[in-house]
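All remarks here apply to the structure that follows.
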Amino acid sequence: MEYNFIEIEKKWQDTWNEKHIYQVKNEDTRPAYYVLDMFPYPSGAGLHVGHPLGYIASDIFARYKRLQGFNVLHPMGYDAFGLPAEQYAIEHGIPPAVSTAQNIKNFRKQLDRIGFSYDWSREIKTSDPQYYKWTQWIFLQLFKSFYNRQNAKAEPIEKLVAVFEKEGNIHFPCPGNEHTIFTPEMWNSYDEKIKMEILMNYRLAYCGYGEVNWCEGLGTVLANDEVMNGLSERGGFPVERKTLRQWYLRITEYADRLLEGLLRVDFSDSMKEMQSNWIGKSTGAEISFQIHNVSNESVKVYTTRPDTIFGVDFLVLAPEHILVSQITTPDHQKEVDEYKAYMKSRSDRERQAEKKITGCFTGAFAVHPFSDKLIPVWISEYVLAGYGTGAIMAVPCGDERDFKFAQHFNIPITNIIGREFNGEMANDTKDAILENSDFLNGVKMRDAAEMVLQKLAEKNIGKAKIQYKMRDAAFSRQRYWGEPFPIIWQDDIAYPMNENELPLLLPPVDELKPGPHGQGPLANNREWIENVPGNGIRESSTMPGYAGSSWYFLRYMDPHNNDRFCDKKISNYWGNVDLYIGGTEHAVGHLLYSRMWTKFLFDLDLINFDEPFKRLLNQGMIQGSSRFVYKLIYTIENVQPSNLPVIFISKKYADHFLEKNEFDETGALQLGKIVNDYFKKTIEPINIFIQNITPIHTDVNMVNGFELNMDEFKKWRNHEYGDACFILDDGKYICGAEVEKMSKSKFNTINPDDLVLKYGADTFRLYEMFLGPVEQSKPWDTKGIEGVHRFLKKLWRLFFDESKGSLMYESEASSDELKILHTAIKKVKEDTERFSFNTAVSAFMIAVNELTTLKCHNIAILKPLIILLAPYAPHIAEELYQHVRLYKQENNFESILDETLPVVNEKYLMETSKNYPVSINGKLRTTISISLEAGQQGVETIILSNEVVKKWLDGKPHKKIIYVKNKMINIVI
RNA sequence: GCCCGGAUGGCGGAAUUGGUAGACGCGUCAGACUCAAAAUCUGGUAUCAGCAAUGAUGUGCAGGUUCGAUUCCUGUUCCGGGCACCA
């Protein structure tokens with residue numbers, strides 16, 4: 001009987017399915033455990049081997065927890081809204097709903113082959129109206145709420161209105177506009193429109209204005225990755241910054257709680273660091289600088305170093321700062337306008353990445369608040385409008401960028417830190433004693449900030465301020481394929497729809513062209529836009545991808561509930577996600593948004609936890625190993641280029657040419673032969689002109705190692721290279737290689753289906769894990785898969801012999817056998833719990849190798865071993881398990897999935913002695929077996945009488961002997 | 001540019017808390033079985049020197065701390081991820 005994985009895997013997948021073995025109930029006596037994969041976007045390209053890496057890890061963990069007696073929730077669904085489907089629709093005319101459904105079907109088929117334990121009865125899709133009804137509903141709650149800073153909690157906006165009527169906003173400063181200050185009398189006298197505008201500045205979901213990548217040529221807003229070097233990727237039209245009305249989430253109000261929550265979750269330190277850097281909390285001061293000769297105009301700057309106030313040599317404003325046009329003097333107007341025009345084409349990222357120093361003097365001067373010195377005011381791209389006040393005070397002796405700017409534009413530098421500043425580079429120390437600093441002279445920098453703040457307060461020109469780098473999250477997209485906003489505009493006031501009218505369905509549209517005035521495609525559907533009572537119109541933007549994915553983990557708990565997004569009783573049972581697995585690329589986007597939504601829903605008392613994910617595991621990215629063929633670009637005198645044969649040259653010759661810009665001799669001979677054969681006449685080599693060599697991505701599936709299968713290559717892409725000729729290296733065509741992102745366009749994708757077909761799902765699962773640490777990125781290489789496949793066959797042969805049949809017997813296990821088993825149990829348990837799946841697989845291999853050596857076919861050993869293996873290789877484990885049950889004449893059906901995980905018994909692992917490494921001066925010289933009981937004295941006696949040690953001591957005395965029990969011995973001479 | 005990772009044999013990787021560097025697998029070499037092949041099994045395999053015993057070198061690079069460093073510290077190079085409308 002041999003290991004027929006195709007039959008076995010099909011049988012058990014079908015059986016598990018029929019018996020609904022993965023269906024999970026929302027109540028159980030067992031403790032709940034929630035294992036979740038990050039929501040996949042069902043891309044048209046289908047699964048490649050990189051996708052299932054995390055899914056396999058989570059599946060192993062979910063199955064492991066189940067064996068440990070937990071009721072495990074392990075669902076899967078689709079983040080189905082998104083730009084690619086819309087793009088596909090524009091290019092191919094297939095509606096997003098249709099292509100998405102197709103992609104999901106394909107995705108599901110691929111997932112099913114790998115044998116995951118998902119409870120598919122809980123599947124959700126964000127594009128399903130039954131799902132987005134609740135996304136819209138939560139949005140409405142955000143819209144109807146404000147953040148009460150007094151108790152740090154979201155509350156209904158009605159409460160705020162009641163406060164305004166009684167006391168104005170004196171105790172509730174406006175987060176959207178700090179200049180909004182009113183008394184109750186004023187509030188009560190405002191009309192509806194003004195009231196609604198004021199409330200908009202408090203709402204957690206609000207409408208405001210923001211900059212976007214505007215492409216006039218396409219009439220649409222573009223995503224950053226649709227823009228290449230200031231041009232649209234599609235069509236190559238210029239892209240510029242444009243201000244448009246946008247919806248936002250006031251995530252900045254949650255900044256402190258998002259920081260605090262990081263202390264309570266089990267994420268990697270680097271992940272927490274990335275999030276807190278993104279939030280970017282800094283303490284500093286906001287300081288007003290009066291503009292010289294312009295009455296009543298002052299520039300507010302934000303600085304984290306108020307202690308350096310006397311080192312200010314110039315101010316820099318963001319070019320888009322509103323004051324720029326007011327303060328620019330006529331003689332600098334032209335220059336400033338030109339600089340601002342240049343800035344329109346620059347993205348924030350380009351501006352920050354720019355090494356070249358650019359800027360422009362406005363002609364204006366500011367007055368130093370203490371010394372009354374006149375300070376020139378510049379504009380430069382390194383100051384961003386969106387951060388702080390959009391203006392900085394530049395202190396070149398203490399800040400690198402300021403220093404370079406001053407140097408570049410020859411601005412004199414004031415030194416306030418004496419010897420700490422060498423005049424050649426800035427020194428951002430906080431420990432210097434201040435000089436040239438008026439009332440701060442002789443004060444330590446760390447103590448100066450407080451004094452400055454006090455003086456600023458006295459003069460009423462500045463105050464301490466906490467600043468966040470994080471900005472409010474843009475929440476609208478001028479796109480079609482997303483959730484419509486349940487908002488109706490009436491007289492330019494946004495009104496929420498009634499909750500009982502949800503879902504607001506996304507209407508079908510005939511053509512996905514952009515709407516007028518930078519609006520999304522929905523704006524073209526006048527019937528839908530205007531189909532509201534009165535003279536109102538609908539919001540034409542849709543929500544972004546992260547809307548649906550910010551709360552999906554809650555819907556899985558109660559996916560079919562028509563009355564609530566999730567019953568609170570049920571979310572109480574499951575609690576937040578115990579283990580969340582996904583890539584680091586979501587570090588600051590999805591993870592922060594879902595953390596915010598969770599806190600918001602918690603504030604509204606709709607769930608009773610305020611962090612969505614207890615523990616996070618980041619899986620690495622599996623990269624592709626691309627292969628290249630090298631196409632020769634050449635001409636022959638008197639021959640039309642189109643009549644020339646297409647020639648590819650093997651790597652060696654390509655390298656030679658690219659390096660030395662000449663053709664290798666043996667290569668030239670082959671080239672001559674190819675050309676002569678092709679034209680059936682002799683062409684003088686002198687008439688062949690080689691211009692260049694272009695590497696072309698070729699499908700890695702046609703390449704064995706580096707050797708190209710030339711026949712397959714000729715058939716590739718509908719015989720595009722059907723007539724190709726090859727210049728070979730030792731009879732072979734050798735390809736070039738490079739590690740890149742796995743992607744269809746690079747022809748380096750490996751489809752899991754092919755591997756499952758060839759080796760089975762169990763082998764595939766084990767191999768993905770065996771590749772290396774799950775957190776680490778690595779290029780895919782199929783080469784080693786044979787090894788894990790062999791392991792499974794070897795395991796099989798512990799139970800069955802091809803000719804003799806079953807080998808199983810049951811008897812009392814020997815101590816050797818028990819030691820092997822319990823070593824494996826211990827190692828696999830530890831490794832699984834610390835997500836070191838690769839070493840767990842190797843522990844299985846060691847166990848099977850050793851049991852094979854012992855010719856152990858004892859059920860007493862093998863049964864616990866396959867239960868231990870079941871999370872990793874469920875199909876073969878179930879098959880062997882059923883054979884064991886048959887042997888034991890247990891005839892009722894019970895799945896291995898509901899077995900109990902074997903527990904390690906340390907008594908089988910006890911050792912009495914250890915083979916100690918003995919080093920002399922830290923260099924290993926020998927090993928000596930010594931009892932684990934031995935003490936320092938005993939050990940010294942033993943090792944000093946050892947021949948090798950004596951030889952190295954060579955009669956000299958030793959200085960000391962370091963003995964670490966159960967570790968090592970080191971003799972210092 | 002800024003933030004976060006990573007770098008160990010021919011290859012993927014192991015070494016969990018500073019304690020025998022290279023577990024396990026691939027590849028490769030030699031052998032067994034076979035008419036032959038596949039499959040399977042056994043043994044070798046970091047590098048250099050040596051018949052061997054053994055010795056020297058060795059975890060991107062340059063330093064440092066330590067009896068002892070892949071592990072900790074400082075600096076540096078290269079590669080990957082993110083940087084707010086890809087998801």
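Sequence lines set the chain letters: A, B, ... in the order given, protein chains first and strands last, and positions in each chain run from 1. Values below: every heavy atom of this structure, side chains too, minus hydrogens, waters and symmetry copies.
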Next item on the list: Treating a pair as Watson-Crick (purine N1 to pyrimidine N3 plus N6-O4 or O6-N4) or G-U wobble (N1-O2 and O6-N3) with both distances under 3.5 Å, list the stems of 3 or more consecutive pairs that involve RNA chain B.
Entry: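 So the stems come out as B:1-7 with B:77-83, B:10-12 with B:24-26, B:27-32 with B:40-45, B:46-49 with B:54-57, B:60-64 with B:72-76.
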Kindly state which residues belonging to residues 37-50 of chain A come within less than 4.0 angstrom of RNA chain B, counting heavy atoms of the residue only, listed by number.
->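 Listed by number, they are A:Tyr41.
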| said: For B:rG19 and A:Asn966 - does any side-chain N or O of the residue sit under 4.0 Å from the phosphate oxygens OP1/OP2? | reply: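 No.
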- Item | Under-4.0 Å side-chain N/O to phosphate OP1/OP2 contact, A:Trp481 with B:rC85 |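 So the side chain of A:Trp481 is outside the cut-off, no N or O lying under 4.0 Å from OP1 or OP2 of B:rC85.
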Side chain of [X] (C-beta onward), nearest among [options]:
X        : options                : result
A:Ala223 : B:rU57, B:rC85, B:rG82 : B:rC85
A:Trp278 : B:rA21, B:rA84, B:rC4  : B:rA84
A:Asn849 : B:rU20, B:rC24, B:rC3  : B:rC24
A:Ser777 : B:rA23, B:rC86, B:rG80 : B:rG80

Handout entry: Base of B:rC85 paired with side chain of A:Gln478 (donor-acceptor, under 3.5 Å)
Key =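 Check passes, donor-acceptor contact within cut-off.
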For nucleotides 32-43 of chain B, which of its nitrogen or oxygen atoms have a protein nitrogen or oxygen under 3.5 Å away, and what is each distance?
from, atom 1, to, atom 2, distance (Å)
B:rU40, O3', A:Arg797, NH2, 3.1
B:rC41, OP1, A:Arg797, NH2, 3.1

Exercise. Between A:Arg351 and A:Glu320, is there a side-chain N and carboxylate O pair less than 4.0 Å apart?
Worked result: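 Salt bridge between A:Arg351 and A:Glu320, a charged N being under 4.0 Å from a carboxylate O: yes.
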Heavy atoms only, 4.0 Å cut-off, all strands: where does [X] land among base, sugar-phosphate and nothing?
X        : value
A:Met470 : base
A:Trp214 : nothing
A:Gly545 : nothing

| query | Among all residues two or more places apart in sequence or in another chain, which pass the ring-ring contact (aromatic ring centres under 6.0 Å, His included) test with A:Tyr480? | reply |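 Checked A:Tyr480 against ring-ring contact (aromatic ring centres under 6.0 Å, His included); zero matches.
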Interface polar pairs with nucleotides 65-69 of chain B, N/O, under 3.5 angstrom:
from, atom 1, to, atom 2, distance (Å)
B:rC67, O2', A:Asn970, ND2, 3.2
B:rC67, O2, A:Asn970, ND2, 2.6

Quick test: give all pairs of protein nitrogen or oxygen and nucleotides 14-18 of chain B nitrogen or oxygen below 3.5 Å, distance rounded to 0.1 Å.
from, atom 1, to, atom 2, distance (Å)
B:rA14, OP1, A:Asn838, ND2, 2.9
B:rA15, OP1, A:Arg834, NH2, 3.3
B:rU16, O4, A:Lys827, NZ, 2.9

